[in-house]
Amino acid sequence: MSGVRHLYVHLPFCASRCGYCAFVVEVGALGARDAYLDALTAELGQEAGRLGPLETVYLGGGTPTLMRPRRLARLLDGLRPRLAEGAEVSMEANPETVDGAALRALRAAGVTRLSLGVQSFRPHLLGALDRLATPDQARDAFRCARAAGFEDISIDLIFGIPGQTPADLEADLADALALGPDHVSWYELEIKPGSALARRGTRAMDEDEGADAYRRIVEGLEAAGYAWYETANFARPGHECRHSLAYWGAADYLGLGVGAVSTVDGVRWRNAPGVGRYTAALAAGGPPPRTREPLDADDRRRERWMLGLRLARGMDLAWAGPPDHPGALDRLAAAGLLRRDHDAVALTREGRFVQNAILHELMEYA
Ligand SMILES: C[S@@+](CC[C@H](N)C(=O)[O-])C[C@H]1O[C@@H](n2cnc3c(N)ncnc32)[C@H](O)[C@@H]1O
Ligand code: SF4
């Protein structure tokens, strides 16, 4: 069967910009939401010929929930005829923007999986990140989502936040587990250039402290029955994010909206930021402003190594092609960091804790 099976839709509106955030975001532009929805519909129409039945859809942001249920329902109504049977429809939700009624409406509109941006349950750490939601709002949003019928709820957390002690981490772990999420994404704080944290001169956590925190998170979640299926992602059996698995498996995907990236048939394109320019271009019947980059076989081989080794199950060597330094494979296997079984290659548990160092051994540019 042909056609792209995975769709990402970027919904960029936010109430304010969090200190660590470097995503394509529009603050103070809520008046543009209806025009933006029209433009998304137009872009979907332009690209529809590329799509097969969609197995996964991901509504990400920004703060998708600021679109409010009636606009999101309109968007999902337009996508419904394109969904494959049993499709996963994920949506990011910021806790302070949803209540029981909104979550029931979103579930009824066809959202099957909710990803709640919690980041931490400690008020002082949320303050350090400039987050708007309180820990109680995060808990309430989670419980309302369960009551609304969501059986696939993920929470996003961050470690390495300035001021975070080992006791804070233990408390976040306990609070996360107390909610009983189906999936957890737990990222190390990245101080991204251009973010408010970078401008304030905030420093990342010391490498050893970061490694200790990461190990503790993996151990704590595994002990509670979550599989460490990807570098920063953990799931109860059967609750892995199918959309993210498609990215890590280097499948083709289409992205709609400002800043969205698409990769189809060896070409990658990236829509420019700027809601005003995006809506104007689509209202005029044209494509959005975007840049195109062909990917050659070498780019794709390298990308497969970067992505495939993130997965616990690893990847097929025949599919990935050789690493830049094939001789390192035996060396890493002998050191107990990598496992080779006929044509399959995966990092061992110890290898996964030092994934970046391993990529430096295998790949020229990593
Ligand atoms: C697309 S983002 C934002 C989703 C949603 N707007 C929110 O704020 O919850 C998805 C997740 O990436 C993570 N993230 C974003 N920027 C990060 C950074 N600089 N370092 C670590 N994690 C980050 C956060 O956990 C966030 O919830
Ligand atoms: S982290 Fe989320 S809520 Fe905060 S500015 Fe970025 S996209 Fe918006």
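No experiment lies behind these values; they were computed from the predicted model shown. Each ligand, and each atom within it, is numbered from 1 in the order the structure gives.
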Relative to ligand 1, is [X] under 4.0 angstrom through side chain, backbone, both or neither, heavy atoms considered?
| X | answer |
| --- | --- |
| Gln119 | side chain |
| Asn94 | side chain |
| Arg131 | side chain |
| Glu190 | both |

Would the [X] and [Y] ring centres measure less than 6.0 Å apart?
| X | Y | answer |
| --- | --- | --- |
| Tyr229 | Phe234 | no |
| Tyr8 | Tyr253 | no |
| Trp228 | Phe353 | yes |

Nearest to [atom], what protein heavy atom do you find, and at what distance?
| atom | value |
| --- | --- |
| atom 4 (C) of ligand 1 | Glu92 OE1, 3.2 Å |
| atom 23 (C) of ligand 1 | Ile158 CD1, 3.9 Å |
| atom 15 (C) of ligand 1 | Phe23 CE1, 3.2 Å |

Under the ring pair (Phe, Tyr, Trp, His ring centres under 6.0 Å) rule, what pairs show up with a residue in residues 27-55, not counting sequence neighbours?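 Only Phe13-Tyr36, Tyr36-Tyr278 qualify under ring pair (Phe, Tyr, Trp, His ring centres under 6.0 Å).
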Using the test side-chain contact (heavy atoms from CB on, under 4.5 Å), find all partners of Ser16 that sit at least two apart in sequence or belong to another chain.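 Expected list: Leu132.
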Quick one: side-chain contact (heavy atoms from CB on, under 4.5 Å) partners of Arg143, sequence neighbours excluded?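 Partners of Arg143 under the side-chain contact (heavy atoms from CB on, under 4.5 Å) test: Arg139, Asp140, Leu179.
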Can you tell which part of Ser16 has a heavy atom less than 4.0 Å from ligand 2: side chain, backbone, both or neither?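 Ser16 to ligand 2: backbone contact only, side chain stays beyond 4.0 Å.
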Mind checking how many protein N/O/S atoms fall short of 2.8 Å from atom 6 (Fe) of ligand 2?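 Near atom 6 (Fe) of ligand 2, the number of protein N, O or S atoms below 2.8 Å is 1.
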Within 6.0 angstrom of Glu170 CD, more than 12 heavy atoms from elsewhere: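 Counting neighbours around CD of Glu170, more than 12 heavy atoms of other residues, nucleotides or ligands fall under 6.0 Å, so yes.
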With a 3.5 Å cut-off and no angle check, do the side chains of Thr56 and His6 form a donor-acceptor pair?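 Yes, side-chain donor-acceptor contact under 3.5 Å.
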Between Asp172 and Ser120: side-chain donor-acceptor atoms closer than 3.5 Å: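 Judged by distance alone, the side chains do pair up.
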Number the atoms of ligand 2 from 1 as they appear, then name those within less than 4.0 Å of a heavy atom of Asn94, with their elements.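 Here the atoms of ligand 2 in question are 3 (S).
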Under 4.0 Å from a heavy atom of Arg131: give me the atoms of ligand 2 that qualify, with their elements.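 Once the distances to Arg131 are compared, the set is 1 (S), 2 (Fe), 3 (S), 4 (Fe).
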Does Tyr187, backbone or side chain, put an N or O under 3.5 Å from an N or O of ligand 1?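 No: no nitrogen or oxygen of Tyr187 is under 3.5 Å from one in ligand 1.
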Considering both backbone and side-chain atoms of Lys192, is one of its nitrogen or oxygen atoms within less than 3.5 Å of a nitrogen or oxygen in ligand 1?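 No; the residue has no nitrogen or oxygen that sits under 3.5 Å from a nitrogen or oxygen of the ligand.
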Short question: side chain of [X], backbone of [Y] - any donor-acceptor pair under 3.5 Å?
| X | Y | answer |
| --- | --- | --- |
| Glu43 | Ala39 | no |
| Arg17 | Phe23 | yes |
| Arg131 | Gly117 | yes |
| Glu88 | Arg242 | yes |
| Thr97 | Asn94 | yes |

Show the atoms of ligand 1 that are less than 4.0 angstrom away from any heavy atom in [X].
| X | result |
| --- | --- |
| Gly117 | 9 (O) |
| Glu188 | 20 (N), 21 (C) |
| Gly61 | 1 (C) |
| Asp156 | 10 (C), 11 (C), 25 (O), 26 (C), 27 (O) |
| Tyr20 | 15 (C), 16 (N), 17 (C), 18 (C), 19 (N) |

Arg113 to Phe150, cation-pi by 6.0 Å centre distance and 45° axis angle: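 No, a cation-pi geometry is absent between Arg113 and Phe150.
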Give a yes/no verdict on whether any heavy atom in Gly62 is under 4.0 Å from an atom of ligand 1.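 Contact present.
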4.0 Å heavy-atom contact, Cys21 with ligand 1: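 Checking ligand 1 against Cys21, which is what was asked, there is no heavy-atom contact under 4.0 Å.
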